[in-house]
**Q** 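Following this message is one structure expressed as structure tokens.
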2 protein chains.
Amino acid sequence: MNQKQLQSEQTKKKIAVAARALFVQKGYKATSIEDIVGATGSSKGNIYYHFKSKEGLFLYLIEEWDHEWELNWEQSVHLYRTTTEKLYAVAEQLAADDLNHPLTKAADEFFHNEEKTSEVESRMAEMNVKHLAFNQKLLQEGIESGEFKPGDAERLAVVLEAIFFGANHLSRSLGPDMTTMLYRDAVTVFLNGIAEE
Amino acid sequence: MNQKQLQSEQTKKKIAVAARALFVQKGYKATSIEDIVGATGSSKGNIYYHFKSKEGLFLYLIEEWDHEWELNWEQSVHLYRTTTEKLYAVAEQLAADDLNHPLTKAADEFFHNEEKTSEVESRMAEMNVKHLAFNQKLLQEGIESGEFKPGDAERLAVVLEAIFFGANHLSRSLGPDMTTMLYRDAVTVFLNGIAEE
DNA sequence: ATCTATACCGAACGTCCAGTCAGTATTGTA
DNA sequence: TACAATACTGACTGGACGTTCGGTATAGAT
């Protein structure tokens, strides 16, 4: 890797970092390429040299983030013994993400906007599948270990995803404490339900 | 009510109906005022005569819809005896809404877009509060009747809202059968949890 | 018949913004 | 040094779109 490539990589990262900050502050649509130009000192053309499009840039950030999340998780799984503990840990981590990583806000603004390239759409679908698979694996594990009632892990995975997605959304109008509480409550309900025996 | 007022009211309704259809088809942002002009035969100016803004028009549709939902619910509550039955009924109705009333799609595209008037924002908050109150009341009822475990109805209401919201979102990439199933599963999990005793 | 308020029209305006491109600068290579 | 590839610039394009506003038509009141 010679100096030119290095420089290039740094520039790309610089753009990514600035863009992330702006998307976090102002949301996806409200952040214009010009804003990013202003924040980086890089030119418009250069941004388009490093990233295919605004969508592409944003997707890059999302995937980067998703990847980091996975790494964090893999590093900390071993801390938890039972699947129940793991579930709570996931909730904890997601709650922290909502709080510390407000890219989520811009993210689902983005995910809801109508105008998507088919490429973007397919990459989004991939991510979705990955999440469901993650949930399913966790649930299956719990079922096999006898912690959870026997059930269709695939269907439950969807329910769990819905819960997390919804919690993520509602956390926007909640304070930090409430957010943490919501995620915990949600997992508790998921595990124990609310019906009297 | 004289002829003029009547005509006026009809026009407003005509605009609302056409706009709804377009929002459903194309989403919020992708539907332009010109599209609505094209679909109604009414002029741009006339639309702005009847509605304050595009946002205002959309909000009008949402509130109309919310109101109808409430009416439907009030008409059918008496069919259900236990709170459990009611919860499933709510889920059923919401699932049907997702399927039949795809304004939901445009709705949360709208709800996620950054640029909102403070008035719109407060009206959205109102609706949110109303939903939570609805959930809370239902849960409280179930707790008092002994159907549900004693618990903090307010916090559970938030969890329930999160579940419904998430289910609504995930239903987009699911077929009709899966959607119904998801809602049912979600309520079942909410009631019974998945943990082994 | 005259007046007035309401309903309606649609061209024009101003703004915003993603993306392009012809050209320049810098670094690596032969 | 000459050539090429890569990195970068920023003025410009082209089009979308919400909103306004001067003006017209119509129905009811006086």
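Because the structure is a prediction, the values reported are computed rather than measured. In what follows, chains carry the letters A, B, and so on, assigned in the order in which the sequence lines appear, proteins first and then strands, with residues in each chain numbered from 1.
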**Q** From C-beta outward on S8(A), which listed nucleotide comes closest to its side chain: dG10(D), dA7(D), dG18(D)?
**A**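 It is dA7(D).
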
**Q** Can a donor-acceptor pair be found, under 3.5 Å and without considering hydrogens, that links the side chain of K149(A) to the backbone of N192(B)?
**A**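 Yes; at least one donor-acceptor contact below 3.5 Å.
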
**Q** Rounding to an integer number of Å, can you tell me how far F23(A) CZ sits from dA18(C) P?
**A** 9 Å

**Q** Go nucleotide by nucleotide along DNA chain C from the 5' end; which of K12(B) and E34(B) gets its closest nucleotide reached first?
**A**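 Its nearest nucleotide being more 5', the pick is K12(B).
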
**Q** Does T11(B) put a side-chain nitrogen or oxygen below 4.0 Å from OP1 or OP2 of dA7(C)?
**A**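 No, T11(B) has no side-chain N/O under 4.0 Å of OP1/OP2 on dA7(C).
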
**Q** Could you please name the option among dC8(D), dC8(C), dA18(C) that lies closest to any side-chain atom of Y49(B)?
**A** dC8(C)

**Q** Where the side chain of K44(A) is defined as all heavy atoms beyond and including C-beta, which of dC17(C), dA11(D), dA11(C) is the nearest nucleotide?
**A** dA11(D)

**Q** Students often mix this up, so state it plainly: with edges at 30° and 60°, are the rings of Y28(B) and F23(B) parallel, tilted or perpendicular?
**A** parallel

**Q** Whole Å only: how far is the NZ atom of K52(B) from the P atom of dT20(D)?
**A**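 The answer, rounded to whole Å, is 10 Å.
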
**Q** Taking the side chain of S43(A) as its heavy atoms from C-beta onward, which of dT9(D), dC9(C), dT20(C) lies nearest to it?
**A**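 Closest nucleotide to the S43(A) side chain: dT9(D).
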
**Q** Expressed as a whole number of angstroms, how long is the span from Q7(A):CD to dT26(C):P?
**A**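 Checked: the CD to P distance equals 12 Å.
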
**Q** Closest nucleotide of DNA chain C for S53(A) versus for G41(B): which of these residues is on the 5' side?
**A** G41(B)

**Q** Which part of the nucleic acid, if any, lies within reach of T31(A) when heavy atoms closer than 4.0 Å are counted: base, sugar-phosphate only, or nothing?
**A** sugar-phosphate

**Q** For the backbone of L22(B) and the side chain of T31(B), can you confirm whether one donor and one acceptor N or O come within less than 3.5 Å of each other?
**A** yes

**Q** So, is N46(A) close to the dT9(D) phosphate, meaning a side-chain N or O under 4.0 Å from OP1 or OP2?
**A**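 Yes, because at least one side-chain N or O of N46(A) sits under 4.0 Å from OP1 or OP2 of dT9(D).
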
**Q** Let me know the distance between NZ of K29(B) and C1' of dA18(C), rounded to the nearest Å.
**A** 10 Å

**Q** When the distance from OH of Y48(B) to P of dC17(D) is rounded to whole Å, what number comes out?
**A** 12 Å

**Q** With a 4.0 Å cutoff (strictly under), does any side-chain N or O of H50(B) reach OP1 or OP2 of dT6(C)?
**A**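 Answer no for this pair, as no side-chain N or O of H50(B) is under 4.0 Å from OP1 or OP2.
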
**Q** In terms of the angle between their ring planes, are Y80(B) and W73(B) parallel, tilted or perpendicular, with boundaries placed at 30° and 60°?
**A**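 Correct class here is parallel.
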
**Q** Figure out the CD/P separation between Q10(A) and dC8(D), and round it to whole Å.
**A**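 To the nearest whole Å, that distance equals 10 Å.
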
**Q** Quick one: Q5(B) CD to dA29(D) C1', roughly how many Å, whole number?
**A**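 So the two atoms are 13 Å apart, to the nearest Å.
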
**Q** Testing K13(B), E9(B), K12(B), K14(B) one by one against H50(B) for a side-chain contact (heavy atoms from CB on, under 4.5 Å), which residue passes?
**A**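 Among the candidates, only K12(B) passes.
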
**Q** What is the distance from CD1 of I47(A) to P of dA7(D), rounded to the nearest Å?
**A** 16 Å

